[in-house]
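For the numbers below, each heavy atom of this structure counts, side chains included, while hydrogens, waters and symmetry mates do not.
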Amino acid sequence: MNPFQTFNQGGLSSLISHTESVEAGDLIEEVYDRFRANGSDFLAILDENRYVGSVSRSETLSLLSGRYGFPLFARKPVEDHLCKELLCISDSLSIHEVLDQALNSRDENEFYHDVALISEERHFLGMIPAHSLVQVQWGLMKENTEQIQCQRQALQYRTREMQTNLDELHASRSRWASLFNENPLATVIVGEDGAVENSNARCVSLFGNLPRGADLSTVIAAKERAAFEERIRKSRQEGSRVISKEYHLNDGDGPAQRIAKVVFAHCPDTDQIAVIFDDITKQREMEQTLIRKEKSKVLDKLVGGIAHELNNKLSPVLGFLSLHESTKGEGVDLNVFAPMMTEVTEEAAGIIRQLLELSRPPVARKERACLSDLLTRTVEFLSVEARRQDCELIFHCVDYDKLSPIEFDASQLRQVIVNLVFNAFHAVSATKEKRVVMTLREEAREAVVSISDTGCGIPDEAAPQIFDTFFTTKSASEGSGLGLGVCRNIVEQHGGELDFTTTVNRGTTFSLRLPLSESQECSVSEVTVTAPPAFDLSERNLRVLVVDDEPYVAEVVSRALKRKLGFESQSASSGSKAIERLQNGENFDLIISDVRMPDGDGFALFKWIETNKPSLLNRFIFATGDAGGSAFEDRLQFLRRPIVRKPFLIDELSSACQSVFLPA
């Protein structure tokens, strides 16, 4: 076997050719006889089993040859004639150290001898021939050469692979730059401090110039800027999670009208945030149009039932009053029927309020409040239609007193609930058991509204398309397919989800999930009137100016305030006439004004007072029976004054008046 292969299998000990040795005190002639007995060229010399050196065949023969060699050296101890050049190596050395000592450290004039292998305690292990070490060295050199060749080939392969990767990187960078710059969505890369590091061409058309280092939050409307900055900080903390939010854009000095859907994505390799803007202003405008169409359809369906309900409420009032007038009061004591007439009129007013709330245009204004109140009012309003369709409508609220607030747009969510309930009414219309159950509960930090019906269910082939715009299972006269698509979009804008479960011929349940608000306090954006602490104003001789173009309304308000609060009331039929009285020096402690009037409306009156009578600004109450448009509602809310919605109860009007006189 090749010595190199032998070495690879067994190490240095496998290269030993023999383990023959002599004692240090043995005579030269005895050693010579040993050489003649075996074919070794070298023998180890031991002293008390410890290696002290070697003796060579040639050296022994040289000593004993010649005319006087044998007599002179035959009886000499062998330890006197050790080989000076022969090496001994420890079996603890590496092969490279052995070769370095045995071969590579000699100069070119020295002969290569065998090597004695000993242990660390200098015990003789055996003799290794020089030619075996040479073959091992050649084997190692060959192996190293082959490894170098393999490494060179691997390096060439990696170099080619690196070049390929580099080419792909250049191509990828080129594609990325092209996609980044030509992306129809405005894309901005921001650093740790939220400063702009890169932006594409679409940003210029959307925001104008965005220089490197600019504060990106300046493109957001001022009222939402802090939330935008906080979202960037959280995106870095949340890592790979992609978040999308909607923000109003900053349109200079005017109010922010445009809306953008903004996606935040963290790039962990560079610790940057990619902020992507999608201008969805037109999309939202279209959605508002769809919502208005859906609302109009709902009102068309409700109008017959509402008219029937209102006629039933008002018929006894009109009947008893007509009877009282026809008999000149004889035999008809209105005091007896007054509680009944008050009750049915209040119920009629409640129906009208619900109708106004439903018909108000969407203003996209979120408030933090408890959802149970909205659902309760909506169910009360829809109960009219439920009775008309002979359907049982049930509302069940789980743990009413423990419900947490959420942030929602009341008008939009009311639209969603009404649409889902109307769909449920349609589903049960042909069934024997007509029942719709609405449930509100909290589950995993979410408010969950479930609307279940006992209807026909949704067919398997229609279920995947149920939320598609313009898809409907109803006839052309019953539905346009706008409803569920609009509902899901509204819910998603609130950060929630809308899904359903259905069983054919057994019913369907739609589940609306909305995230709970982080704050536990409920609040509303509209300046509503709540009952103030009771206190007496009758002794203050307060004067009130009632401004309304309906004389009967002005008369009943004046009489009610006189009786309830002791106010001295004067009236004006328009904003212009009210201004004229104020200009003529009349003094009033309170002004109650209708909003829409033909000759100077309530807004014009308020503006005049703001300029000319600022002391009356906090003593001004708006009264309106108009649902108005979005601009109307925005303007009304902006003034931050109490609003009394017609038709109102006298106690509501009285509470509003008392609220403006509360001590600061």
Side-chain angles (χ1 to χ4, degrees), residues 342 345-346 349 352-353 356 526-626 628 632 635-664:
T342 300
T345 305
E346 288 179 358
I352 293 173
R353 283 194 190 89
L356 286 176
E526 179 177 310
V527 181
T528 54
V529 176
T530 57
F535 59 99
D536 189 8
L537 296 174
S538 59
E539 297 181 359
R540 296 175 60 174
N541 298 321
L542 299 175
R543 300 184 75 237
V544 58
L545 177 62
V546 180
V547 187
D548 201 302
D549 58 335
E550 291 290 343
Y552 294 135
V553 174
E555 179 66 19
V556 72
V557 168
S558 297
R559 286 178 175 270
L561 293 179
K562 176 66 175 178
R563 182 174 183 83
K564 292 284 292 185
L565 301 175
F567 287 177
E568 178 188 341
S569 299
Q570 299 293 324
S571 63
S573 59
S574 68
S576 298
K577 293 189 179 298
I579 292 173
E580 183 178 339
R581 298 190 68 160
L582 292 170
Q583 286 177 328
N584 290 335
E586 291 191 58
N587 294 320
F588 296 97
D589 300 292
L590 175 66
I591 295 179
I592 303 174
S593 175
D594 191 14
V595 179
R596 296 194 184 276
M597 293 176 287
D599 183 19
D601 60 15
F603 292 135
L605 174 59
F606 187 85
K607 186 173 182 60
W608 185 90
I609 289 175
E610 185 178 28
T611 303
N612 299 277
K613 295 279 187 179
S615 60
L616 284 175
L617 282 179
N618 293 329
R619 300 288 181 84
F620 197 103
I621 298 174
F622 285 106
T624 180
D626 196 338
F632 174 86
R635 190 175 182 185
L636 200 59
Q637 298 302 324
F638 177 76
L639 297 178
R640 304 295 297 173
R641 298 308 307 143
I643 303 168
V644 180
R645 302 279 183 179
K646 298 178 182 179
F648 49 77
L649 300 176
I650 299 303
D651 286 342
E652 293 175 350
L653 178 64
S654 175
S655 294
C657 293
Q658 285 184 307
S659 68
V660 301
F661 290 101
L662 286 173

Beyond-backbone contact of Phe620 with Glu610, side-chain heavy atoms, under 4.5 angstrom:
no
Nearest heavy-atom approach of Ile591 to Leu582 is CD1-CD1, 4.2 Å
Minimum side-chain heavy-atom gap Arg641-Val660 below 4.5 Å:
yes
Can a donor-acceptor pair be found, under 3.5 Å and without considering hydrogens, that links the side chain of Arg581 to the backbone of Ser571?
yes
Looking only at heavy atoms, the pair that brings Lys577 and Ser573 closest together is CD-OG, 3.2 Å
Out of curiosity, Leu561 CG to Glu568 CD, how far, rounded to the nearest 0.5 Å?
12.0 Å
For Thr624 and Asp594 the tightest heavy-atom approach is CA-OD1, 3.9 Å
Does Arg543 reach the main-chain N or O of Leu590 with its side chain, forming a donor-acceptor pair under 3.5 Å?
no
Kindly compute the distance separating CZ (Phe567) from CD1 (Ile592), expressed to the nearest 0.5 Å.
7.5 Å
Roughly how far, to the nearest 0.5 Å, is the CG atom of Leu617 from the OG1 atom of Thr611?
9.0 Å
How long is the span from the CD atom in Glu652 to the OG atom in Ser654, to the nearest 0.5 Å?
11.0 Å
Grab the two heavy atoms, one from Leu605 and one from Gly575, that are nearest each other, plus how far apart they are.
CD1-O, 4.1 Å
What closest approach, in Å, do Arg619 and Phe661 show between heavy atoms, and which atom pair accounts for it?
NH1-CE2, 3.0 Å
Checking the side chain of Ser558 only, and the main-chain atoms of Ser569 only, is there a donor and an acceptor separated by less than 3.5 Å?
no
In this structure, CD of Glu586 is separated from CD of Glu580 (nearest 0.5 Å) by 9.5 Å
Can you see which heavy atom on Ala656 is nearest to which on Val644, and at what distance?
CB-CG2, 3.7 Å
Do Leu565 and Cys657 make a side-chain contact, defined as non-hydrogen atoms from C-beta onward lying under 4.5 Å apart?
yes
What's the spacing between Ile621 CD1 and Ile643 CD1 if we round to 0.5 Å?
11.0 Å
